[in-house]
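Per chain, numbering begins at 1; letters A, B, ... match sequence-line order.
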There are 2 protein chains.
Amino acid sequence: MNKYEAISAEMRHRIKEKHYNPDQPIPDEKSLAKEFECSRMTMKRALDILVMEGLLYRKRGHGTFIVQSAIRDSRVNVVSNEVLGLSRLITDKTITSKVVTFEVQFPTEEVAVHLAIDTKTPVYYLVRLRLVEGEPYVLEKTYMPTNMIPGLNDEILHSSIYEYILKELELTIAGSHRKIRACKSDELDQEHLECKHDDPILEVEHVGFLNNGVPFEYSFSRHRYDKFEVTTVNVRN
Amino acid sequence: MNKYEAISAEMRHRIKEKHYNPDQPIPDEKSLAKEFECSRMTMKRALDILVMEGLLYRKRGHGTFIVQSAIRDSRVNVVSNEVLGLSRLITDKTITSKVVTFEVQFPTEEVAVHLAIDTKTPVYYLVRLRLVEGEPYVLEKTYMPTNMIPGLNDEILHSSIYEYILKELELTIAGSHRKIRACKSDELDQEHLECKHDDPILEVEHVGFLNNGVPFEYSFSRHRYDKFEVTTVNVRN
DNA sequence: TAATTATAGATGTCTAGACATTTATTAAAG
DNA sequence: CTTTAATAAATGTCTAGACATCTATAATTA
């Protein structure tokens, strides 16, 4: 772990454990840099992360402060600035998967474009229903080039594909693009998500990239509207 | 404008205008730093911005590359990592506003908590319908403490509140938190957005902060599901 | 007393360079 | 010819410090 990440983690812990008085600025960058035995640049970079997370804010010429609501509010918050899969986002509840469809096919033009392949490169087409504590939660339709993710099998599909990609294939995920929209439910949604035909759906279109810039996953997650929301935190510098 | 912002803007321009061969890495950081007469750190910071925007990606030990799809796709893309109001996001179309409600009231507990005030501090309650090229687009319900945004009048409501805050009050907006969800339409939506009663709504709950960390705006934007989507770009470092 | 002006202290930007880590290529060894 | 090892080149991290900019406070002046 890098120095700035380690310092960031320690500071996050201190703030959440109310080590610092929430009404006062936290110690200035120079003092903290001295305490952590690093340069001020590195200290700033560590604090940058916490500012991004919405835990701190800065007043130029004055100091760095704790965002009160961030420590008051202890709800689980799924921040969209996350690249991980569902089973990493929710760790305190039981997540199960039901594989609805698992086949290999040639991609449509749309899918091929998003995966930066041609329509002759076969892809996995995968539909999974994810359940949290046995309750249907989200229906995921995923397209992945077969040559990039070899050895996908039934057992993996029932747990976490992301774990498999990271640990077994040792690929690193570089980032993702998401589009979030509301839409009407179709028959597949109604059947698996157990929703009524006039229930809306929160759809997240998602392209995942490896750190070589190549897209490896194109998916549509269709969420029950009463069980999911996306949070984004935006900070100007 | 800061040096890294200026360099970033120039590089963005070059990339979009295909100044660099898309199949090759762009020049290395050291060379670019020399060309722009800055340090490598500043050059890196400038490129960081473009990586965040999804325009570039990096391969450690190899180079920095252009994301092909980013220059191919010329669609207007509303990235959620934006703090600005609607009238700054869409500049090539005519945006009009219809003020549905404009009154001063005492906030509910929920509104007070989000604005970090007590329930005895009066707030503006404002409902505006925003139309793009005359078509109803989004219904915005906004709460703002009256003491923070003095002098709000009918004329401002018909144009852009953000313009007023930035230019007249000379406040700087530091950031925002958003929650995005799907929900059913209510009668107010149906009346103003001209949608059917089973049309879903994309709701964005939004808290805007000034750079002193104080929230100044708490709003709910209810979008027609067929006219709006939110994009987020996430990059691991 | 009120308004203005210095001043201290905090964050923001920028530099020049050292060293670490990763990757592709080249050279050497088998 | 294939495998392994060295090398060059690129990005990533980190430093120590200079200077810029902003804020609140204190000192000064009208």
Side-chain angles (χ1 to χ4, degrees), chain A residues 1-11 20 23-52 55-67 170-175 209-214 235-237, chain B residues 1-11 20 23-52 55-67 170-175 209-214 235-237:
Chain A
M1 186 186 274
N2 291 324
K3 204 163 181 174
Y4 67 88
E5 288 174 316
I7 295 172
S8 189
E10 167 61 19
M11 288 299 292
Y20 298 116
D23 303 321
Q24 298 248 311
I26 64 169
D28 66 281
E29 293 175 351
K30 213 172 153 192
S31 313
L32 286 170
K34 198 174 176 187
E35 185 199 333
F36 285 106
E37 294 179 324
C38 67
S39 70
R40 209 188 118 214
M41 285 292 274
T42 300
M43 194 64 227
K44 184 187 285 295
R45 188 165 181 184
L47 295 180
D48 276 346
I49 294 172
L50 304 182
V51 172
M52 292 283 192
L55 209 61
L56 294 175
Y57 65 92
R58 291 197 262 231
K59 282 202 252 188
R60 184 170 183 165
H62 195 181
T64 303
F65 299 80
I66 296 167
V67 174
E170 292 183 340
L171 299 174
T172 38
I173 297 169
F209 297 92
L210 298 178
N211 74 344
N212 56 8
V214 179
V235 181
R236 285 171 111 57
N237 58 329
Chain B
M1 188 186 273
N2 291 324
K3 204 163 181 175
Y4 67 89
E5 289 174 315
I7 294 172
S8 188
E10 168 61 19
M11 288 300 292
Y20 298 115
D23 303 322
Q24 297 249 311
I26 64 170
D28 66 280
E29 293 174 350
K30 212 171 151 191
S31 315
L32 286 171
K34 197 173 174 188
E35 186 199 332
F36 285 107
E37 296 181 322
C38 67
S39 69
R40 208 187 121 215
M41 286 291 276
T42 300
M43 195 63 226
K44 185 187 284 296
R45 188 165 182 183
L47 295 180
D48 276 347
I49 294 171
L50 303 183
V51 171
M52 293 283 194
L55 209 62
L56 295 175
Y57 65 92
R58 291 195 261 231
K59 281 202 252 188
R60 185 170 181 166
H62 196 181
T64 303
F65 300 80
I66 296 167
V67 174
E170 293 184 340
L171 299 174
T172 38
I173 296 169
F209 297 92
L210 299 178
N211 75 344
N212 56 8
V214 178
V235 181
R236 287 171 110 57
N237 61 330

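- B:M11 places none of its side-chain heavy atoms less than 4.5 Å from the side chain of B:L56.
- Taking atom CZ on A:R45 and atom P on C:dT13, their separation rounds to 15 Å, with Å as the unit.
- Looking only at side-chain heavy atoms (C-beta outward), A:L47 and A:R58 come within less than 4.5 Å of each other.
- In terms of the ring-ring contact (aromatic ring centres under 6.0 Å, His included) criterion, residue partners of A:F65 (sequence neighbours excluded) are, by chain and number, A:Y57, A:H62.
- The distance between atom CZ of B:F65 and atom P of D:dA9, rounded to the nearest whole Å, is 16 Å.
- Between the CZ atom of B:R58 and the P atom of D:dA9 there is a distance of 20 Å, rounded to whole Å.
- Atom CE in A:M41 sits roughly 8 Å away from atom C1' in C:dT13 (whole-Å rounding).
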Considering only nitrogen or oxygen atoms on both sides, find all protein atoms under 3.5 Å from nucleotides 18-21 of chain C and state each distance.
{"from": "C:dT21", "atom 1": "O4'", "to": "B:R60", "atom 2": "NH2", "distance (Å)": "2.9"}

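- In this structure B:S8 satisfies the side chain to side chain contact (heavy atoms under 4.5 Å, CB included) test together with B:R12, B:A46, B:I49, B:L50, sequence neighbours excluded.
- If you measure from atom NE2 of A:H62 to atom C1' of D:dA24, you get 7 Å, rounded to the nearest angstrom.
- Between A:Y4 and D:dC14 there is no side-chain N or O to OP1 or OP2 distance below 4.0 Å.
- Every residue two or more places apart in sequence or in another chain was checked for a side chain to side chain donor-acceptor pair (under 3.5 Å) with B:T64, and none qualifies.
- Here the C1' atom of nucleotide D:dG12 and the CG atom of B:L47 are 13 Å apart, to the nearest Å.
- Residues B:K34 and B:K30 have side chains not in contact (no heavy-atom distance under 4.5 Å, counting atoms from C-beta outward).
- Contacts of B:K3 classified as side chain to side chain donor-acceptor pair (under 3.5 Å), with partners at least two apart in sequence or in another chain: none.
- Distances shorter than 4.0 Å separate some side-chain N or O of B:T64 from OP1 or OP2 on D:dT11.
- Using a 4.0 Å cut-off, some side-chain N or O of A:T42 falls inside it from OP1 or OP2 of D:dT15.
- For the pair B:L32/B:E35, a side-chain contact is recorded, criterion being any heavy-atom separation below 4.5 Å from C-beta on.
- Only B:D28, B:E29, listed by number, bring a heavy atom of residues 24-34 of chain B to less than 4.0 angstrom from any atom of DNA chain D.
- For B:D28 (side chain) and B:S31 (main-chain N/O), a donor-acceptor pair under 3.5 Å exists by modelled atom type.
- The CE-P distance, from A:M1 to D:dT13, rounds to 13 Å in whole Å.
- Taking atom NZ of A:K44 as the reference point, atom C1' of D:dC14 lies 15 Å away to the nearest angstrom.
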